[in-house]
**Q** 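Sharing a structure, written as structure tokens. Questions coming.
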There are 2 protein chains.
Amino acid sequence: MTPEPEDSIRAAGLRVTTQRLAVLEALTEFPHADTDTVHQRVRLSQPDITLQSVYVVLAALTEAGLIRRIEPAGSPARYERRIGDNHHHAICTRCGAVQDVDCAVGEAPCLEPSEAGGFVIQTAEVTYWGLCPACQSSTR
Amino acid sequence: MTPEPEDSIRAAGLRVTTQRLAVLEALTEFPHADTDTVHQRVRLSQPDITLQSVYVVLAALTEAGLIRRIEPAGSPARYERRIGDNHHHAICTRCGAVQDVDCAVGEAPCLEPSEAGGFVIQTAEVTYWGLCPACQSSTR
DNA sequence: CACTTATTGTTAGCTATTCATAATAGAGCT
DNA sequence: AGCTCTATTATGAATAGCTAACAATAAGTG
């Protein structure tokens, strides 16, 4: 089903490198990881990769449309492999945990503003802010 | 109608300072200004105010709920005086212009996710991405 | 007007990110 | 398999945006 990472990288016109494969693998394991988390995970298989290279790889994969970058307020940028289905995110205001939220409509823009002051809207990005299950119980 | 800035600052339990008044005035003139823009505007009346002080003032006013901070992806933080009506924003993908978009519902959360993975949702933040009128015409 | 303490000015520092350039390694060709 | 070209990565440095520490100042209270 899911195309092999190697194939999707190649299909995007990019060279297949161990670094890129490792980054995609890291994002599979941590679906909303920030650059630092990706770096740490990738170092398990490639101890010498630099953080800067991780930045470059993430930028290349984002540019190619293989991953998506999200930038929640107050958090460093995060990346995810789930793309193409215009889903949204719930973010915990206490711990920053990110949870995918299916979009009812499915395709962008899932919402049409009543009046957008002449803007031509391409996508609507919805961020739900609240408390994750863990932070609800460990209250206060 | 609109309460005097001085009164709302006092009502929030904060001291009324010329810096805070000037920052609120700047945000009236530039409704989605970033810190730098606020600083430049404030310097017209207070040439010696530092950028750091503007940061502190903006943080204090945000904390007090007198202004709201928005952090669009790829842009420095912006601030606005329009608060309490849970409206949303349309942002130009080319020039970064921000436009208020009324919320159909009015109160947060204006959207309820069908399934939020156990999250207790407090607010829903909607960002519309598109082209502003100016960038539509100056195409390509 | 004096006093107390919130607020601001000053200086320093930090985090997330980008950039320039040299070194390296995919991938097509022979 | 080896060669070559060029995309990609490593290295080192720099930047923007923001926060922190602490001394100087001024708002508000009696």
Side-chain angles (χ1 to χ4, degrees), chain A residues 4-26 32-43 45-64 66-67 69-79 96 98, chain B residues 4-26 32-43 45-64 66-79 96:
Chain A
E4 284 302 311
E6 183 169 339
D7 297 331
S8 48
I9 293 175
R10 212 183 304 275
L14 297 177
R15 289 187 183 169
V16 179
T17 66
T18 53
Q19 290 87 338
R20 286 174 179 167
L21 290 174
V23 164
L24 286 182
E25 195 181 339
H32 302 98
D34 60 14
T35 310
D36 231 58
T37 303
V38 171
H39 183 216
Q40 284 174 34
R41 177 63 185 74
V42 168
R43 273 208 288 192
S45 56
Q46 310 194 30
D48 291 336
I49 194 173
T50 62
L51 180 59
Q52 282 76 359
S53 293
V54 173
Y55 271 107
V56 172
V57 168
L58 287 170
L61 295 178
T62 303
E63 169 82 13
L66 295 182
I67 61 177
R69 173 184 180 136
I70 61 176
E71 302 179 44
S75 150
R78 292 157 174 269
Y79 297 86
V98 179
Chain B
E4 284 302 310
E6 183 169 339
D7 297 331
S8 48
I9 293 176
R10 212 181 304 274
L14 297 178
R15 290 187 183 172
V16 178
T17 66
T18 52
Q19 291 88 336
R20 287 174 177 168
L21 290 174
V23 164
L24 286 181
E25 196 180 339
H32 302 98
D34 59 16
T35 310
D36 230 60
T37 304
V38 171
H39 183 216
Q40 284 174 33
R41 177 62 184 77
V42 169
R43 274 208 287 194
S45 56
Q46 310 194 33
D48 291 335
I49 194 173
T50 62
L51 179 59
Q52 283 72 1
S53 293
V54 174
Y55 271 109
V56 171
V57 168
L58 287 170
L61 295 179
T62 303
E63 170 82 13
L66 296 181
I67 60 177
R68 182 173 151 205
R69 173 185 180 135
I70 61 176
E71 303 180 44
S75 150
R78 291 156 175 270
Y79 297 86

**Q** Under 4.0 Å between a side-chain N or O of A/R20 and OP1 or OP2 of D/dA7?
**A** no

**Q** Could you run down nucleotides 21-30 of chain D 5' to 3' and tag each one B, S or - for protein heavy-atom contact under 4.0 Å?
**A** -----BBS--

**Q** Do B/D36 and B/V54 make a side-chain contact, defined as non-hydrogen atoms from C-beta onward lying under 4.5 Å apart?
**A** no

**Q** Would you find more than 12 non-hydrogen atoms of other residues, nucleotides or ligands less than 6.0 Å from B/E71 atom CD?
**A** yes

**Q** Within less than 4.0 Å of OP1 or OP2 of C/dT10, is there a side-chain N or O belonging to B/T50?
**A** no

**Q** Taking the side chain of A/V57 as heavy atoms from C-beta outward, which of D/dC18, D/dT9, C/dT8 is closest to it?
**A** D/dT9

**Q** Heavy atoms only, 4.0 Å cut-off, all strands: where does A/A77 land among base, sugar-phosphate and nothing?
**A** sugar-phosphate

**Q** May I ask you to say what A/R69 touches in the nucleic acid, namely base, sugar-phosphate or nothing, with a heavy-atom cut-off under 4.0 Å?
**A** sugar-phosphate

**Q** When the distance from CD of A/Q46 to C1' of C/dA25 is rounded to whole Å, what number comes out?
**A** 13 Å

**Q** Do A/I49 and A/H39 have side-chain heavy atoms sitting under 4.5 Å apart?
**A** yes

**Q** Between B/I70 (CD1) and D/dG17 (C1'), how many Å, whole number?
**A** 16 Å

**Q** Are OP1 or OP2 of C/dA16 and a side-chain N or O of A/T35 less than 4.0 angstrom apart?
**A** no

**Q** If you check the B/S53 side chain, which of C/dT17, D/dT9, C/dG9 turns out closest?
**A** C/dG9

**Q** Side chain of A/Q52 only, heavy atoms from C-beta on: which candidate in D/dA10, D/dT19, C/dC19 is closest?
**A** C/dC19

**Q** Please state how far atom OH in A/Y55 lies from atom C1' in D/dA10, giving the value in whole angstrom units.
**A** 16 Å

**Q** Expressed as a whole number of angstroms, how long is the span from B/I9:CD1 to C/dT7:P?
**A** 10 Å

**Q** Rounded to whole angstrom units, what separation is found between the NE2 atom of B/H39 and the P atom of C/dT8?
**A** 13 Å

**Q** Less than 4.5 Å apart, any side-chain heavy atom of A/P72 and any of A/R78?
**A** yes

**Q** Starting at atom CG of A/D7, determine the distance to atom P of C/dA27, rounded to an integer number of angstrom.
**A** 12 Å

**Q** Measure CG/A/D48 against C1'/C/dA25 and give the value in whole Å, please.
**A** 15 Å

**Q** Taking the side chain as every heavy atom from C-beta outward, state whether A/L21 and A/E6 have any pair of such atoms under 4.5 Å apart.
**A** yes

**Q** As a test of reading the structure: which of C/dT17, D/dC18, C/dT10 is closest to the side chain of A/P76, going by heavy atoms?
**A** C/dT17

**Q** With a 4.5 Å cut-off on side-chain heavy atoms, are A/L24 and A/I9 touching?
**A** yes

**Q** Specify the separation, in whole Å, of atom CZ of B/R43 and atom C1' of C/dT8.
**A** 16 Å

**Q** Taking the side chain as every heavy atom from C-beta outward, state whether A/Y55 and A/T50 have any pair of such atoms under 4.5 Å apart.
**A** no

